[in-house]
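Everything on this sheet refers to the single structure shown next.
Positions are given from 1, in the same order as the sequence printed here.
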Amino acid sequence: MSALRERSARSRLAPGEQLLAYGSVVPAKSAKGVGVGAAVANRLVNSVGAQAGEAGSIAAQMPATSGALLLRVTDQRVGLVRPLDGAPVWEVQRAWVTRVERRPRTQLMARFRLHFADGSWLAFLTMRRRTIEQFRELIG
């Protein structure tokens with residue numbers, strides 16, 4: 001499965017563009033929990049603290065998604081691609097991403113935010129804290 005994810009993360013890069021890192025993430029605004037209280041937890045996770053930014057902001061441009069995606073960081077872009085075929089879901093210029101902020105763990109998964117140059121941000125969940133640290137080293 002790792003080879004498939006890497007191939008997906010490398011797919012559709014521009015000539016000369018270099019993949020620096022990738023990891024499996026779930027956008028917080030589309031996360032789905034299971035079990036007792038999942039409906040209430042889903043509403044909280046998907047709305048409170050999932051995104052900040054007005055209409056037209058960088059964060060507001062991300063389309064609605066479902067399930068796990070690959071967040072990839074290249075020397076030119078930061079974006080989400082599908083893990084099986086590498087089809088781009090959403091991408092922004094790397095210069096628009098100002099920092100990665102690790103957030104307190106509210107579920108089984110680790111949580112982090114991507115902050116953008118316009119002050120907006122998006123929250124993501126990942127199974128591995130190391131994924132967050134890798135993104136922080138590259139972006140700040």
Side-chain angles (χ1 to χ4, degrees):
M1 188 63 119
S2 179
L4 176 61
R5 285 187 182 138
E6 182 165 350
R7 188 170 51 244
S8 294
R10 290 187 182 282
S11 73
R12 303 179 195 197
L13 295 179
E17 185 175 14
Q18 295 180 345
L19 177 67
L20 302 176
Y22 68 92
S24 183
V25 300
V26 175
K29 66 182 183 178
S30 68
K32 300 286 186 249
V34 295
V36 178
V40 172
N42 287 341
R43 276 192 296 264
L44 286 173
V45 169
N46 297 355
S47 59
V48 177
Q51 173 180 335
E54 298 181 16
S57 69
I58 296 169
Q61 294 174 24
M62 190 179 100
T65 63
S66 64
L69 298 167
L70 292 179
L71 178 65
R72 72 175 172 192
V73 177
T74 74
D75 58 340
Q76 299 173 23
R77 300 177 281 179
V78 174
L80 297 168
V81 298
R82 289 192 201 126
L84 297 178
D85 62 6
V89 173
W90 175 78
E91 295 179 319
V92 297
Q93 295 177 26
R94 181 149 177 227
W96 292 4
V97 183
T98 59
R99 70 185 175 106
V100 175
E101 176 190 9
R102 189 165 53 111
R103 301 293 296 164
R105 186 181 291 256
T106 57
Q107 302 178 358
L108 176 63
M109 299 176 82
R111 188 178 180 103
F112 68 99
R113 290 179 180 170
L114 284 182
H115 289 265
F116 303 105
D118 66 356
S120 65
W121 53 262
L122 289 167
F124 296 91
L125 304 168
T126 184
M127 291 300 288
R128 302 173 66 195
R129 182 175 159 201
R130 193 171 98 207
T131 299
I132 300 170
E133 297 307 321
Q134 184 179 25
F135 292 149
R136 282 178 74 182
E137 287 175 18
L138 290 169
I139 296 170

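- Residue Arg94 comes nearest to Leu138 through the heavy atom pair NH2-O, 2.7 Å, listed as atom of the first residue, atom of the second, then distance.
- Hydrophobic clustering (ILVMFWY, side-chain heavy atoms < 4.5 Å, transitive): Leu71 and Leu19 are in distinct clusters.
- Of the inter-residue distances, the one linking Arg7 atom CZ with Asp85 atom CG reads 11.0 Å to the nearest 0.5 angstrom.
- One hydrophobic cluster holds both Val25 and Trp96 under the rule that ILVMFWY side chains link at heavy-atom gaps under 4.5 Å.
- In this structure, Met62 and Leu80 have side chains that are in contact, with non-hydrogen atoms separated by less than 4.5 Å.
- In the hydrophobic clustering of this structure, Leu13 does not group with Val78; members are Ile, Leu, Val, Met, Phe, Trp, Tyr whose side-chain heavy atoms approach within less than 4.5 Å, directly or through other members.
- Side-chain contact between Pro27 and Leu69 is present, with heavy atoms from C-beta onward closer than 4.5 Å.
- Nearest heavy-atom pair across Ala9 and Tyr22 is CB-CG, 3.6 Å.
- By the side-chain hydrogen bond (donor to acceptor under 3.5 Å, both in side chains) test, Glu101 pairs with Arg103, His115, sequence neighbours left out.
- Note that OG1 of Thr74 and CD of Gln93 are 10.5 Å apart. Values are rounded to the nearest 0.5 Å.
- Using a cutoff of 4.0 Å between basic side-chain nitrogens and carboxylate oxygens, Glu133 and Arg136 are scored as salt-bridged.
- Phe124 CZ to Ser24 OG: the interatomic distance, rounded to the nearest 0.5 Å, is 12.0 Å.
- The shortest side-chain heavy-atom distance between Arg128 and Gln134 does not fall under the 4.5 Å cut-off.
- The nearest pair of heavy atoms linking Ser8 to Arg82 is CB-O, 3.7 Å.
- Of the residues listed (Arg77, Arg12, Arg10), the one engaging Glu17 in a side-chain hydrogen bond (donor to acceptor under 3.5 Å, both in side chains) is Arg77, and it is the only one.
- For the pair Leu20 and Glu137, the minimum side-chain heavy-atom distance is 4.5 Å or more.
- Here CG of Leu114 is found 6.0 Å from CD1 of Ile139. Values are rounded to the nearest 0.5 Å.
- For the pair Phe135 and Thr126, the minimum side-chain heavy-atom distance is 4.5 Å or more.
- The minimum heavy-atom distance linking Ser11 with Arg72 is given by the pair O-NH1, 2.8 Å.
- When atom types are taken as modelled, the side chain of Asp118 and the backbone of Ser57 share no donor-acceptor pair closer than 3.5 angstrom.
- With a 4.5 Å cut-off on side-chain heavy atoms, Phe116 and Val97 count as touching.
- Between the CD1 atom in Ile58 and the CH2 atom in Trp90 there is a gap of 7.5 Å [rounded to 0.5 Å].
- Within the 4.5 Å cutoff, no side-chain heavy atoms of Phe112 are placed close to those of Thr131.
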